[in-house]
Amino acid sequence: MYALVLAMRHLRSRSITWVATAMIGAVVVLYLLIISVLEGQKQFWMDKLQNIMAHTTVGVGELAWGIQKPEAWADELSRLDPGIKGVTIGLESPAMAIFNNARTVGTMRGVDLDRELKYGRLKEILFPKDLSDFGRHEVSGKLLPGCIVGGAWRKSYNLSVGSQVTFLFSDDEGDPRSVAFRIIGFFEGKNPYLETAAYVDRKFLAEKIGVSGSAKTLFVWLNDPNRPDLAAFRDRVKAKMVEIVRRDYPQSSHDKSVMVDTWQDKDGGFYKQVSNENLIMRVIMCLFLLLLAFIIFLIFGRLVAEKVRDIGALRAMGATPTGIKACFLAQGLLVGTLGVAVGLLGAWLLIHYLTPIVDFLTHVAWMLFGVRISLGDMFGPEGILTRTLPMDVAAISILAILSALFGALLPARRASLLNPVECLRHE
């Protein structure tokens with residue numbers, strides 16, 4: 001107990017220990033601020049890449065007539081892994097969309113709306129939110145099937161609920177087809193390219209295209225799209241699909257064309273680049289902790305040199321070498337703990353008010369130096385996005401405290417080995 005009391009007394013009386021505390025707090029703030037900004041930008045780009053895309057896409061390329069039993073296949077596939085949220089069914093066709101005599105190229109996506117709203121991301125980016133079914137809706141005395149149109153088209157062509165769109169596409173024989181739809185809703189995500197599309201009823205689209213099977217693709221949605229075993233999960237899905245195709249089409253070789261891709265496979269290069277950049281930055285910031293441990297070692301070495309007579313007095317009063325070592329280690333623990341507490345508080349304040357702070361600094365830069373800095377140029381149209389992971393908070397807290405302890409360890413050991421008689425003679 002006396003070791004802790006003495007450590008607190010020394011901490012209060014020596015300004016150099018407060019310098020060590022401030023340095024630990026600064027490293028914690030710097031680490032969490034940089035990593036939070038990087039994670040925020042990573043999450044933004046991952047959301048942009050994923051958008052409305054499924055976490056895993058399953059296709060059987062050579063089944064030109066389509067999947068004959070898509071509902072049964074989807075239900076069987078959904079039981080493969082407890083991490084599967086659900087499986088949706090899709091059928092796509094390139095098409096030309098005509099809005100108010102304006103023409104553009106896009107995609108018709110045939111879906112089961114109930115499944116899509118239950119398992120996919122459409123519900124998150126759909127408006128109006130109370131959309132229940134495609135159905136048939138009256139436009140100028142005609143009953144037209146409903147469709148959900150992407151936000152990119154809505155903005156470009158000033159569309160609203162109730163507007164009419166006509167799609168031109170080819171059927172399975174290559175003959176041109178034309179179908180008019182009534183817009184019953186819109187979806188708007190973070191990827192304008194994927195929004196140049198329209199959701200229509202899957203069975204209706206299959207009928208118009210002329211395929212006997214009403215789907216060509218299965219989309220697997222996961223509870224955790226970032227699960228660490230995503231590649232292994234993809235291989236399991238592919239093995240299961242090969243098994244299903246061989247069972248339902250025993251005379252065919254179509255199982256060889258089973259294609260399974262995760263969302264990371266489609267944008268794997270960019271995803272790995274962003275992840276590696278964040279990992280490298282974490283490693284660099286951890287190197288600062290090594291430097292911090294060395295600085296604390298120097299600070300505590302000086303403290304031991306200044307406290308030689310006090311150490312001798314303590315030994316003369318009955319303090320053991322272990323007690324002397326514990327005194328300096330306790331001081332290192334207090335410095336580390338206080339530094340982490342100050343750092344966590346400072347990091348929370350900075351991250352929470354980061355945008356106003358940066359806006360103020362950019363305004364000052366403009367007023368003093370005539371330099372105009374746009375956050376959109378540095379971070380994109382969304383500005384500064386942050387995301388603080390509990391793992392990062394725990395990691396930097398533990399590592400900072402350990403750095404303080406390791407920095408104090410050798411000086412504490414040196415103090416415990418001092419001869420009490422020589423200490424009392426020390427000038």
Side-chain angles (χ1 to χ4, degrees), residues 43-55 57 85-86 88-140 142-169 177-206 208-209 215 217 219 221 225 263 266 380-382 385:
Q43 187 62 46
F44 168 76
W45 287 110
M46 293 307 100
D47 288 344
K48 197 176 185 69
L49 290 175
Q50 292 179 25
N51 196 46
I52 56 175
M53 294 193 312
H55 304 140
T57 303
K85 180 181 178 182
T88 57
I89 305 166
L91 177 66
E92 289 193 355
S93 174
M96 176 177 289
I98 303 176
F99 305 102
N100 303 323
N101 297 321
R103 301 189 175 204
T104 185
V105 177
T107 305
M108 282 194 301
R109 298 190 181 118
V111 297
D112 292 329
L113 189 56
D114 291 340
R115 281 180 179 263
E116 203 69 32
L117 294 176
K118 184 176 181 180
Y119 301 124
R121 298 191 68 188
L122 182 59
K123 187 175 182 179
E124 303 172 17
I125 56 178
L126 177 69
F127 60 95
K129 295 292 187 183
D130 59 350
L131 193 61
S132 57
D133 67 315
F134 289 116
R136 288 186 176 270
H137 305 265
E138 184 174 347
V139 178
S140 302
K142 298 180 181 179
L143 287 178
L144 301 181
C147 72
I148 304 169
V149 173
W153 281 345
R154 179 183 67 85
K155 296 173 183 176
S156 299
Y157 302 102
N158 195 27
L159 303 176
S160 61
V161 173
S163 298
Q164 181 176 327
V165 55
T166 300
F167 288 107
L168 303 178
F169 57 97
R177 303 296 298 269
S178 173
V179 180
F181 292 86
R182 178 186 185 271
I183 297 176
I184 59 174
F186 301 95
F187 67 92
E188 188 166 354
K190 297 180 179 180
N191 193 330
Y193 174 76
L194 295 176
E195 293 174 21
T196 55
Y199 286 99
V200 302
D201 182 69
R202 173 177 59 86
K203 294 182 179 178
F204 177 82
L205 181 59
K208 294 300 180 182
I209 293 177
T217 311
F219 301 102
W221 300 88
W263 70 272
K266 295 179 180 179
E382 301 292 329
L385 300 176

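The structure presented is a predicted model; accordingly, all values stated were derived computationally and were not measured.
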- Query: Shortest non-hydrogen contact from Thr107 to Glu92?
  - Reply: CG2-OE1, 3.9 Å

- Message: Return the CG to CD1 distance between Leu113 and Ile148, rounded to the nearest 0.5 Å.
- Response: 5.0 Å

- Message: Under a 3.5 Å distance rule, please check whether Arg177 uses its side chain to pair with a backbone N or O of Lys208 as donor and acceptor.
- Response: yes

- Item | Under the ring-ring contact (aromatic ring centres under 6.0 Å, His included) test, residues paired with Phe169 that sit two or more places apart | none

- Between Leu117 and Leu126, is a side-chain contact (heavy atoms from CB on, under 4.5 Å) present by the stated rule, with each step listed? CA-CA 9 Å; Leu117 294 176; Leu126 177 69; 3.7 Å; yes

- Note on the structure: Note: Ala180 and Pro145 closest approach over all heavy atoms is O-CD, 3.5 Å

- Message: Closer than 3.5 angstrom, by distance alone: can the side chain of Ser163 be matched with the main-chain N or O of Ser160 as a donor-acceptor pair?
- Response: yes

- Can you list the residues that meet the side chain to side chain contact (heavy atoms under 4.5 Å, CB included) rule with Phe127, with sequence neighbours excluded? Arg154, Phe186, Glu188

- Listed partners of Ser178 passing side chain to side chain contact (heavy atoms under 4.5 Å, CB included), at least two apart: Thr166, Leu168

- Query: Would you call Arg115 and Ile89 a side-chain contact if the rule is heavy atoms closer than 4.5 Å?
  - Reply: yes

- Hey, can you tell me if His55 and Trp221 have their rings parallel, tilted or perpendicular (30° and 60° cut-offs)? perpendicular

- Query: Between Trp153 and Val105, what is the shortest heavy-atom contact and its length?
  - Reply: CZ2-O, 3.9 Å

- Could you please spell out the steps behind the side-chain contact (heavy atoms from CB on, under 4.5 Å) verdict for Val111 and Thr88? CA-CA 8 Å; Val111 297; Thr88 57; over 6 Å; no

- Query: In Å and rounded to the nearest 0.5 Å, what is the CZ to OG distance from Phe167 to Ser93?
  - Reply: 10.0 Å

- Note on the structure: Taking every heavy atom of Cys147 against every heavy atom of Val200, the minimum-distance pair comes out as CB-CG1, 3.8 Å

- To the nearest 0.5 angstrom, please state how far the CG atom of Asp112 sits from the CG atom of Asp201. 7.0 Å

- Rounded to the nearest 0.5 Å, what's the gap from NZ on Lys118 to NZ on Lys85? Could you check? 10.5 Å

- Message: I'd like to check Tyr157 versus Thr104 (side-chain heavy atoms, cut-off strictly below 4.5 Å). Are they in contact?
- Response: yes

- Message: Return the CG to CZ distance between Leu122 and Arg109, rounded to the nearest 0.5 Å.
- Response: 9.5 Å

- Message: Working to the nearest 0.5 angstrom, can you tell me the gap between Tyr199 OH and Phe187 CZ?
- Response: 5.0 Å

- Item | Closest non-hydrogen atom pair between Val161 and Pro128, with its separation | CG2-CD, 4.3 Å

- Message: How close do Phe219 and Gly90 get, counting heavy atoms only, and between which atoms?
- Response: CE1-CA, 3.7 Å

- Query: Could you walk me through whether Val149 and Leu159 pass the side-chain contact (heavy atoms from CB on, under 4.5 Å) check?
  - Reply: CA-CA 9 Å; Val149 173; Leu159 303 176; 4.2 Å; yes

- Determine, step by step, whether Phe181 and Leu144 satisfy the side-chain contact (heavy atoms from CB on, under 4.5 Å) criterion, reporting the C-alpha distance in whole Å, the side-chain angles of both residues, the deciding distance to 0.1 Å, and the verdict. CA-CA 5 Å; Phe181 292 86; Leu144 301 181; 5.7 Å; no

